[in-house]
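From a predicted model like this one, the values you see are computed outputs, not experimental measurements. To find a chain, count down the sequence lines: A is the first, B the second, and so on, and within it residues start at 1.
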Amino acid sequence: MPVAETGDPSRLDELIDERRAKARALRDAGIDPYPVGVRVTHALEQVRREYDGRLEPGEGSGAQVSVGGRLVARRGHGKLVFLVLREGDTDLQVLAALDTLGPEAMARVEDLDLGDWVGVAGEVVRSRRGELSVQAGTVTLLGKSLRPLPDTWHGVRDVETRFRQREVDLAINADARRVVRIRAAAIAALRAEYADRGYVEVEGPVLHTQAGGALAKPFVTHANALDLDLYLRIALELHLKRLVAGGMTRVFEIGRVFRNEGLSPRHNPEFTMVESYEAYADYHDIMDLTQALLQRAAVEAVGTTALDHDGGKVDLGGEWPRRPLLDLVRAATDRPGLSYDTPAEELRALAAAHDVHADPAWGPGKLVLELYEKLVEHTLWDPTFVVDYPVEVSPLARRHRSDPHVTERFELIVAGRELANAFTELTDPDDQRARLEAQARARAGGDEEAMAVDESFLRAMEFGMPPMGGLGIGVDRLVMLLADVQTIRDVILFPTLRPER
RNA sequence: GGGCCGUUAGCUCAACGGGUAGAGCUCCGGACUUUUAAUCCGGCGGAGCGGGUUCGAGUCCUGCACGGCCUACCA
């Protein structure tokens with residue numbers, strides 16, 4: 001009837017109208033299509049676990065269960081109907097027989113639609129063909145589905161649907177559920193490893209009065225009560241270091257950070273980082289920590305350190321090599337004599353020879369880093385700690401104990417991508433102030449990503465900090481590696497998209 | 001920000017040099033008491049939005065929207 005009202009309804013509208021009509025008919029019969037107070041005795045997964053390997057084909061268990069799930073398949077045989085319920089990753093068959101249910105209940109089973117949430121109470125049996133099933137004694141509609149789901153055979157491939165309507169993706173695509181579980185297990189493993197090492201989990205502020213701790217453009221928002229512009233955090237670093245100054249000698253935080261920059265298969269404006277700080281540790285200790293964290297995350301999330309990735313293999317097992325950044329650039333450019341004392345003009349010429357863009361304002365450190373990023377980083381496949389980054393590009397890292405040109409900093413590269421960034425932290429307040437002031441000058445010169453001088457942070461440092469090592473891990477990229485997916489949008493449940501129209 | 005590409009039924013995909021758009025699944029009607037992509041018979045349903053060229057446009061041109069890839073940017 002709404003067909004005439006809307007004039008030219010789409011097929012989808014017709015399908016929805018049919019389902020609404022069924023819901024209406026149920027209400028008219030005194031049945032709530034959205035009931036409450038339903039209890040189940042077993043998750044579907046529990047039924048499978050308890051009866052896997054038990055019961056002969058055609059045998060009944062005598063045990064009664066009450067289960068729930070989404071109806072994802074139906075095979076009708078007239079007086080016998082096979083239903084398949086899905087709950088999470090588990091599917092379980094239901095036998096609905098006219099003999100057992102009677103004509104009235106059987107008619108309501110016939111009226112169920114794929115996508116409906118359904119409760120079934122009955123005996124656990126094995127069908128004649130050997131499929132573990134529940135022989136339905138009662139069938140209850142738990143939640144009427146008004147909108148047809150994509151068919152379970154083909155799934156949903158359209159990426160826009162998958163990202164915008166993640167509920168559909170999860171309901172239909174087992175791989176989407178797999179990634180969610182890997183993510184959860186990896187994060188749980190990181191927490192467990194930190195807990196085992198005596199770290200305390202903390203939560204810093206998300207709203208900052210100035211954005212610091214990384215080089216990135218922030219999002220700006222406004223606090224009405226304070227009539228104050230605030231910035232969404234771009235890193236966790238500065239507040240965590242203040243906590244160490246306060247005597248919290250081992251702290252970590254897992255949290256969302258926000259960077260107002262471009263989107264790409266590897267960048268989402270909001271993403272998840274874990275950062276940790278450990279008093280008395282240096283970057284060598286943090287490399288050991290990083291290796292332990294990621295190896296544990298791999299084992300607990302996917303069961304092995306030998307990962308399939310992007311058509312190849314990546315093994316996170318064993319000891320990971322530690323390679324000075326300058327050595328890597330020397331090798332890549334075939335210039336063994338290269339150093340941070342090499343004149344900038346010569347480095348610029350070298351960059352030009354390798355088609356690497358070089359800004360005239362850059363000094364030797366930045367030029368060497370640029371050469372590394374363009375020539376070397378993407379070539380590092382197995383886990384590699386790249387160590388000793390130039391001072392001028394590392395404003396929060398301590399100078400190297402024996403080389404004034406570089407800092408005690410490393411990045412972990414796996415499969416050509418940065419997974420972690422860490423250093424022996426700078427704890428000298430005067431050195432820190434000088435570095436931040438250099439950043440502030442760059443900022444005044446138009447560099448929107450340069451840091452500002454954070455007086456609260458400097459004051460904390462002036463009270464005195466223990467020596468410490470700090471670590472930041474990109475959780476999304478870690479999950480991409482573990483789950484073998486190529487876009488960050490596959491590991492973030494609701495990635496940033498333009499609004500649909 | 002720039003370049004290239006995509007958008008066909010609820011889902012997954014076709015076709016054609018510009019000439020009435022096909023299939024499978026889903027859905028609707030029917031048969032069927034052990035199927036599991038059940039099967040069998042019958043049926044409904046479609047070109048992202050807007051302009052233009054043309055006798056005629058899903059197809060050619062163009063604007064817009066959304067998306068993808070590359071690039072730029074990016075600790």
J.: Applying side-chain hydrogen bond (donor to acceptor under 3.5 Å, both in side chains), run through A:Tyr277 and A:Glu237 and close with a yes or a no.
T.: CA-CA 9 Å; A:Tyr277 295 82; A:Glu237 170 132 2; 3.2 Å; yes
J.: Side chain of A:Glu18 only, heavy atoms from C-beta on: which candidate in B:C25, B:C27, B:A75 is closest?
T.: B:C27
J.: Filter on side chain to side chain donor-acceptor pair (under 3.5 Å), then keep only pairs touching residues 363-374 of chain A, sequence neighbours left out; what's left?
T.: A:Glu370-A:Lys374
J.: Taking the side chain of A:His267 as heavy atoms from C-beta outward, which of B:C74, B:C70, B:G10 is closest to it?
T.: B:C74
J.: Checking contacts here: which listed nucleotide (B:G10, B:C13, B:U34) is nearest the side-chain heavy atoms of A:Leu12?
T.: B:G10
J.: Quick one: label A:Lys366 by what it contacts on the DNA or RNA (base, sugar-phosphate, nothing), any heavy atom closer than 4.0 Å.
T.: nothing
J.: If you take any heavy atom closer than 4.0 Å to RNA chain B, which residues from residues 471-492 of chain A end up in contact?
T.: A:Arg489
J.: Does a nitrogen or oxygen in the side chain of A:Lys22 sit under 4.0 Å from OP1 or OP2 of B:C28?
T.: yes
J.: Considering just the side-chain nitrogens and oxygens of A:Arg11, establish if one lies under 4.0 Å of OP1 or OP2 belonging to B:G45.
T.: no
J.: Base, sugar-phosphate, or nothing for A:Glu261, non-hydrogen atoms under 4.0 angstrom?
T.: sugar-phosphate
J.: I'd like to know if A:Asp158 reaches the base of B:U12 with its side chain, counting only an N/O donor and acceptor under 3.5 Å.
T.: no
J.: Please confirm whether any donor atom in the side chain of A:Arg266 sits under 3.5 Å from an acceptor in the base of B:C74, or the reverse.
T.: no
J.: Considering every strand and a 4.0 Å limit on heavy-atom distances, what is the contact class for A:Arg164: base, sugar-phosphate, or nothing?
T.: sugar-phosphate
J.: Would you indicate what A:Leu114 reaches in the nucleic acid, counting non-hydrogen atoms under 4.0 angstrom: base, sugar-phosphate, or nothing?
T.: sugar-phosphate
J.: Would you tabulate the pairs of protein nitrogen or oxygen atoms and nucleotide nitrogen or oxygen atoms of nucleotides 37-41 of chain B closer than 3.5 angstrom?
T.:
unit_1 : atom_1 : unit_2   : atom_2 : d
B:A37  : N1     : A:Trp153 : NE1    : 2.9
B:A37  : N3     : A:Trp153 : NE1    : 3.4
B:A38  : OP2    : A:Arg75  : NH1    : 3.0
B:A38  : N7     : A:Gly76  : O      : 3.3
B:A38  : N6     : A:Gly76  : O      : 2.7

